[in-house]
Amino acid sequence: MKMNKVLAAMAASVVAASAFCAMSVTSLAAERDVKYTDSGNSAGTSDDGTLLRANILNEWASPAVSDIPTEDNDNPYTSYVKVTFEVSGIGSDSKVKSEGAETDKDLEAFLCGGIGGYSRHMNEYQGGKIPADEIVKINGDGEYTVEWKFDEPSATAQILYVQTNIPIFEYGGDLAATSAKITIKSVKTDDGVEAPTTTTEAATTTTSGTGTATTTATKKGEASAQTGDAGAAVAVAALGLAAATAFAVRKKD
């Protein structure tokens, strides 16, 4: 009889736990494409003419590049801008070379420019002010994605480019002669639809030989997609089954 009581209590606890799990499901804002038109003029260098760059929006480049919109009130940049690009012409190199010998400096890429009130350029990189998770390591020819994160959305972009520390003169000469190339594949941001903040109640049921006690904890956070009426029904049914199981235990006593 005692073993039956233990098994029944365990079943009630498991069912109650399932009620807690049925309350909510997390979702994230969806990623979307920023309209990108390849003008064929993206190839560029750092201001000193030595490091490879790909311009996406840069009216100060020669020729000027406007491959993404400068203003879009309907589809603003929200929490980030993300660029996928292809590197070619450097083989399997992953380090900066000096006179043909590898050094311990990684080849890297990062986003620079001005988006709304946010601005950064090569000096931030050289000063160690660009977050490490916004710098991508380049391990030879291949496709890479680099991201620039924001705290506030903006509908405007003044300048945007992928900057690298790839020295063009180590791959054949100036910009016209170097084999090192960057090809922009896509520009993305999220859709700006934030998950609403809601209050969810998580019920925890404990069962003993003398009865069932239910406590409710309230948690406020990002919601995301709730299970709705179906989820609530599952939770209520699970709690009801837990109570019924506990009643059966008492009756067998």
Side-chain angles (χ1 to χ4, degrees), residues 31-70 77 80-98 100 102-103 105-115 118-150 157-189:
E31 192 165 81
R32 68 168 183 84
D33 288 312
V34 175
K35 183 180 180 181
Y36 174 75
T37 303
D38 185 0
S39 63
N41 297 321
S42 64
T45 67
S46 54
D47 293 342
D48 63 5
T50 64
L51 303 177
L52 188 62
R53 169 187 297 180
N55 291 301
I56 299 170
L57 177 64
N58 191 347
E59 65 177 282
W60 292 276
S62 182
V65 179
S66 298
D67 291 350
I68 59 172
T70 56
Y77 302 95
Y80 63 84
V81 60
K82 184 184 294 184
V83 177
T84 297
F85 61 96
E86 183 180 12
V87 174
S88 60
I90 66 171
S92 59
D93 290 347
S94 62
K95 301 286 185 181
V96 175
K97 293 182 175 180
S98 176
E102 289 192 348
T103 70
K105 179 63 178 176
D106 293 328
L107 291 178
E108 298 178 326
F110 43 95
L111 289 176
C112 286
I115 302 289
Y118 296 90
S119 176
R120 71 183 187 195
H121 298 280
M122 192 70 187
N123 58 331
E124 276 86 356
Y125 171 69
Q126 294 167 329
K129 296 181 180 179
I130 295 181
D133 65 346
E134 296 182 19
I135 298 174
V136 64
K137 304 294 183 186
I138 296 175
N139 299 304
D141 293 345
E143 191 170 283
Y144 302 90
T145 297
V146 67
E147 185 176 15
W148 182 4
K149 300 174 185 175
F150 312 120
Q158 298 80 44
I159 181 171
L160 182 66
Y161 55 89
V162 176
Q163 180 66 59
T164 77
N165 63 347
I166 298 174
I168 62 173
F169 293 100
E170 292 180 6
Y171 298 96
D174 62 14
L175 189 58
T178 186
S179 64
K181 307 290 183 185
I182 299 176
T183 303
I184 303 299
K185 310 298 284 187
S186 67
V187 182
K188 297 178 182 290
T189 186

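Residues: numbered from 1 along the sequence shown.
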Should Asp174 and Phe169 be marked as a side chain to side chain contact (heavy atoms under 4.5 Å, CB included) after you check the CA-CA gap, both sets of side-chain angles, and the distance that decides it? CA-CA 6 Å; Asp174 62 14; Phe169 293 100; 4.2 Å; yes
Walk me through it: do Val162 and Leu111 pass the test side chain to side chain contact (heavy atoms under 4.5 Å, CB included)? CA-CA 5 Å; Val162 176; Leu111 289 176; 3.7 Å; yes
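Not counting sequence neighbours, Tyr144 has no partner by the side-chain hydrogen bond (donor to acceptor under 3.5 Å, both in side chains) test. Here Asp141 pairs with nothing under the side-chain hydrogen bond (donor to acceptor under 3.5 Å, both in side chains) rule; sequence neighbours left out.
Although no hydrogens or angles enter the test, the distance criterion places no donor-acceptor pair under 3.5 Å between the side chain of Asn58 and the main chain of Val65.
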Using a 3.5 Å cut-off and no angle test, enumerate the donor-acceptor pairs between side-chain atoms of residues 81-88 and protein atoms at least two apart in sequence or in another chain.
unit_1 : atom_1 : unit_2 : atom_2 : d
Lys82  : NZ     : Glu31  : OE2    : 2.9
Thr84  : OG1    : Thr145 : OG1    : 2.8

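Aromatic ring orientation, Tyr125 versus Phe110: parallel (interplanar angle below 30°, classes split at 30° and 60°).
Note that CG of Leu57 is 5.0 Å distant from CD1 of Ile68, once rounded to the nearest 0.5 Å. We find the CD1-CD1 distance between Ile166 and Ile182 to be 5.5 Å, quoted to the nearest 0.5 Å. Atom-to-atom distance recorded for Lys137:NZ and Leu107:CG is 10.0 Å, nearest 0.5 angstrom. The OH atom of Tyr80 lies 15.5 Å from the CH2 atom of Trp148; values are rounded to the nearest 0.5 Å. Distance check: Tyr171 OH to Lys181 NZ gives 14.0 Å after rounding to the nearest 0.5 Å.
Taking all atoms of both residues into account, the shortest heavy-atom contact from Val96 to Asp106 is CG2-O, 4.1 Å. Here the shortest heavy-atom pairing between Ser179 and Gly89 reads OG-O, 2.8 Å. For the pair Cys112 and Gln163, the tightest heavy-atom approach, listed with the atom from each and the gap, is SG-CB, 4.4 Å. Summarising the geometry of Thr164 relative to Ala109, their closest heavy-atom pair is CG2-CB, 3.9 Å, with the distance given to 0.1 Å. Pairing each heavy atom of Ala43 with each of Leu175, the nearest pair is O-CD2, 3.8 Å. In terms of heavy atoms, Pro69 sits closest to Val34 at CD-CG1, 4.3 Å.
Residue pairs meeting the salt bridge (charged side-chain N to carboxylate O under 4.0 Å, His left out) criterion with at least one partner in residues 53-65, sequence neighbours excluded, are Asp47-Arg53. For residues 120-134, the salt bridge (charged side-chain N to carboxylate O under 4.0 Å, His left out) pairs, not counting sequence neighbours, are Arg120-Glu134, Asp133-Lys149. Listed by first then second residue, pairs satisfying side-chain hydrogen bond (donor to acceptor under 3.5 Å, both in side chains) with a partner in residues 36-45 read Ser39-Asp67, not counting sequence neighbours.
Here the side chains of Thr189 and Arg32 are in contact, with some heavy-atom distance below 4.5 Å.
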